[in-house]
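Because the structure is a prediction, the values reported are computed rather than measured. Counting starts at 1 for both ligands and their atoms, following the listed order.
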Amino acid sequence: MLTGKNLVAGEWRNGDGTFTAVDAASGDALGPDFAEATKQDVADACAAAAEAQKVFGALPLAERAKFLRLAADKIDALGDDLTRRAMAESGLPEARLTGERGRTVGQLRLFAEEVEDGGWQDLRIDHADPSRTPPKPDLRMRKIPVGPVAVFGASNFPLAFSVAGGDTASAFAAGCCVVVKGHPAHPGTSELVAGAIAEAVSECGLPAGTFSVLSGTDYALGEALVSDPRIAAVGFTGSRAGGLALMKRAAEREVPIPVYAEMSSINPVVLMPGKLEQSAEELASAYVGSLSLGAGQFCTNPGILLTVESEATSRFLVAVKDALGAVPAQTMLTSGISDAYRSGIETLGGLSGAELVGVGEEGSSACGRAHVYTATGSDFLADPAFEQEIFGPSSIVVRCKDLREVAQVLDELEGQLTTTLHMIEADYDDAAKLLPILEQRAGRIIANAWPTGVDVTHAMVHGGPFPATSDGRSTSVGTLAIGRFLRPVSYQDLPSVLLPQRLRDDARPKLSRINGEWRALSDT
Ligand SMILES: NC(=O)C1=CN([C@@H]2O[C@H](COP(=O)(O)OP(=O)(O)OC[C@H]3O[C@@H](n4cnc5c(N)ncnc54)[C@H](O)[C@@H]3O)[C@@H](O)[C@H]2O)C=CC1
Ligand SMILES: O=C(O)CCC(=O)C(=O)O
């Protein structure tokens, strides 16, 4: 079924040389050979995207929504072939990938509803007042797509953060054409999804340049894509080094562009004393479950847990050791990622004050073995190396002498995607004192749950201050993500016939801001 070719504006192309997909568990090659996309492919995909942008960016919202829904249907129709290929390439289990497929099509459909709602256009009208000195002009504002977006597929979510993942869905919803740099760890999965979207593009009568997918192993491919003058913004999920390199490239362009990169986060979890006293064993088992989920390959992994030194903390650590003993080693996404995990663990274990709490079961070299370390608050504060993200099933329990030291550690941490408080009512006064710090540190604050697992909704923020993301003012999950790929335009004193339809006096948008007042449809 697979051709190994890249999708360049509707055309399936061979490239310059080939690379091989690898079965994550066995290390065996998976056919066919995959084409390395060329610089010419980048140039052609971007030129076609710029042309297609004129049509796709101007589509009526109902048609844009129809395209998103058809794309979701086409991915659904790939059925188990898609799941099986993603399982082989990523080593992730069937249940996880079935769930991820549901999330992927679900978010395309949610964005379709969001497109139709139109509230994200943020329509504003300020009527003219010729009697004012100086005369006040008529001003009408809406948000429009920024232009073609480059999306870097992530290795750890081969569906929900890849070819048709959240970045692609939100860029399409904003009205932007998309050129994807496919992740070389799952080229077959990428090709299947690319084919589904290409069919939706064609059946909706959209220009073929609306969507392209270029896979390859060479960083030069991603650099060429970010450098292309027709690309207007970038979405990325991956390593801190990769995100920083692409941000630098984007900033050095003749016309710099924004890069929305989600990179590195250790997601601090605080066990408040009242809750820990009551539920040490239960918390330990849930903690080990969260840190080892999906071989720990989540940017929301709870990489650091903070407690206050006590008898309950000792009980918690014993329970963590016991729970870890039963955690099977799980296949990691790539040999590079499992090598990086092993070396990260070795570095952490060698830091002054780090003590091993326990380990999971041992597995093959393709697997990640769960590890939990502990250190005191003062050892942690003495060495910034403790807060390096280790991508995999590991975490560190930091034992602080009191809640002031907990606050101090939180205050010293870099920006995070999430922060979590486990608490009972008796802890609320102390929790209230920590909240201002947590808000400064992260994009999402969680109570009595674990950070892994991100709901795709309207109020979700999957973002946070650097290095969690390159721009803490945005999110890569949920409908708010559309805002990354929009820019505002004001129309001053334009004759009504030349105005965008939704800004005319006879239009009835659901919500708009007229002379500063919010108007719902029923008021107009
Ligand atoms: N925090 C997170 O959500 C994630 C973190 N990671 C981290 O990244 C490491 C490597 O995993 P990958 O998924 O392969 O991420 P990666 O950042 O190495 O690669 C992601 C994509 O960006 C491209 N890329 C990376 N560096 C580039 C550069 N300098 N110039 C141009 N293109 C570049 C790659 O070709 C790939 O398509 C993991 O060991 C882990 O530490 C990986 C996935 C998610
Ligand atoms: O936990 C999730 O569902 C999303 C995590 C994520 O964005 C990531 O690991 O890259």
Counting only heavy atoms not in E361, do more than 12 fall under 6.0 Å of its CD?
yes

Ligand 1-proximal atoms of R249, by part, heavy-atom distance under 4.0 Å
neither

What I want to know is whether T217 and ligand 1 share at least one N or O pair that is separated by under 3.5 angstrom.
no

Lys/Arg cation over aromatic F157: R96, 6.0 Å, 45° cone:
yes

Give me the residue, atom name and distance of the protein heavy atom closest to atom 26 (N) of ligand 1.
G242 CA, 3.4 Å

Can you tell me how far CD of Q416 sits from CD1 of I304, rounded to the nearest 0.5 angstrom?
8.0 Å

Flag, side chain of Q297 to backbone of L333, donor-acceptor distance under 3.5 Å:
yes

Would you check whether T237 has a nitrogen or oxygen atom less than 3.5 angstrom from a nitrogen or oxygen atom of ligand 2?
no

Would you say D383 has more than 12 foreign heavy atoms packed within less than 6.0 Å of its CG?
yes

How far is atom 37 (O) of ligand 1 from its nearest protein heavy atom, and which residue and atom name does that atom have?
K181 NZ, 2.8 Å

At less than 4.0 angstrom from any non-hydrogen atom of S155, what atoms of ligand 1 do you find?
12 (P), 13 (O), 43 (C)

If you count every heavy atom of other residues, nucleotides or ligands that lies below 6.0 Å from R473 atom CZ, does the total exceed 12?
no

Could you tell me whether C299 and ligand 2 have an N or O pair separated by under 3.5 Å?
yes

Under 3.5 Å, is there a donor-acceptor pair between the side chain of R441 and the main chain of L410?
yes

Does an N or O from Q297, backbone or side chain, lie closer than 3.5 Å to an N or O of ligand 2?
no

Starting from atom 9 (C) of ligand 1, which protein heavy atom do you reach first, and at what distance in Å?
S239 CB, 3.8 Å

Tell me yes or no: between the side chains of T18 and E36, is some donor less than 3.5 Å from an acceptor?
no

With N267 as reference, evaluate T420, T418, N301 under the side-chain hydrogen bond (donor to acceptor under 3.5 Å, both in side chains) test and give the passing residue.
T418

The closest protein heavy-atom partner of atom 1 (N) of ligand 1 is M263 O, 2.4 Å

Close approach of A154 to ligand 2, heavy atoms, under 4.0 angstrom:
no

Which protein heavy atom lies closest to atom 21 (C) of ligand 1, and at what distance to 0.1 Å?
F236 CE1, 4.0 Å

Under 4.0 Å to a heavy atom of F298 - the qualifying atoms of ligand 2, by number:
1 (O), 2 (C), 9 (O)

What are the atoms of ligand 2, with element, lying closer than 4.0 Å to any heavy atom of E262?
6 (C), 7 (O), 8 (C), 10 (O)

Below the 3.5 angstrom mark, is there an N/O of T237, backbone or side chain, next to an N/O of ligand 1?
no

Could you tell me whether V226 approaches ligand 1 through its side chain, its backbone, both or neither, with non-hydrogen atoms closer than 4.0 Å?
neither

From L381 CG over to E387 CD, what is the distance, rounded to the nearest 0.5 angstrom?
10.0 Å

Can you tell me the protein heavy atom closest to atom 31 (C) of ligand 1 and the distance?
Y219 O, 3.3 Å

Among non-hydrogen protein atoms, atom 12 (P) of ligand 1 lies closest to H183 NE2, 3.5 Å

Tell me which protein heavy atom sits closest to atom 3 (O) of ligand 2, plus the residue, atom name and distance to 0.1 Å.
R103 NH1, 2.8 Å

One residue to check: L417. Relative to ligand 2, which of side chain, backbone, both or neither has a non-hydrogen atom less than 4.0 Å away?
neither

Would you say F157 has any N or O atom under 3.5 Å from an N or O of ligand 2, going by distance alone?
no

Q297 to ligand 1, any heavy atom closer than 4.0 Å
no

Does the side chain of E262 pick up a donor-acceptor pair with the side chain of T469 at under 3.5 Å?
no

Examine T452 against ligand 2 and note whether any of their N/O atoms are separated by less than 3.5 Å.
no

Tell me the contacting part of M263 for ligand 2: side chain, backbone, both, or neither, using a 4.0 Å heavy-atom threshold, strictly below.
neither

Does a sphere of radius 6.0 Å around CD in E346 hold more than 12 heavy atoms from other residues, nucleotides or ligands, not counting ones at 6.0 Å or beyond?
no

Give a yes/no verdict on whether any heavy atom in Y341 is under 4.0 Å from an atom of ligand 1.
no

Where the closest heavy atom to atom 43 (C) of ligand 1 is concerned, which of F157, F298, F391 has it?
F391

Test of understanding: with salt bridge (Lys or Arg N to Asp or Glu O under 4.0 Å), list the residues that count as partners of E11, not counting sequence neighbours.
R13

Using a 4.0 Å cut-off to any heavy atom of G453, which atoms of ligand 2 qualify?
1 (O), 2 (C), 3 (O)

Between S394 and Y373: side-chain donor-acceptor atoms closer than 3.5 Å
no

For the ring pair H458 and W120, is the centre-to-centre distance below 6.0 Å?
no

Just to confirm my output: which protein heavy-atom neighbour is closest to atom 7 (O) of ligand 2, and how far is it?
H462 NE2, 2.7 Å

Protein heavy atom at shortest distance from atom 39 (O) of ligand 1:
I337 CG1, 3.6 Å

For atom 1 (O) of ligand 2, closest protein heavy-atom neighbour
T300 OG1, 2.9 Å

In this structure, is the centre-to-centre distance between the rings of F67 and F172 below 6.0 Å?
yes

Counting from 1, what ligand 1 atoms have a heavy atom of F152 closer than 4.0 Å?
22 (O)

Would a distance-only check, ignoring hydrogens and angles, find a side-chain to backbone donor-acceptor pair under 3.5 Å from Q388 to A385?
no

So CG of L159 and NE2 of H186: to nearest 0.5 Å the spacing works out to 7.5 Å

Between V454 and ligand 2, which residue portion shows a heavy-atom distance shorter than 4.0 Å: side chain, backbone, both, or neither?
both

Near C299 (heavy-atom distance under 4.0 Å), the atoms of ligand 1 are 1 (N), 2 (C), 3 (O)

Can you find a heavy atom in the side chain of F34 that is under 4.5 Å from one in the side chain of T20?
no

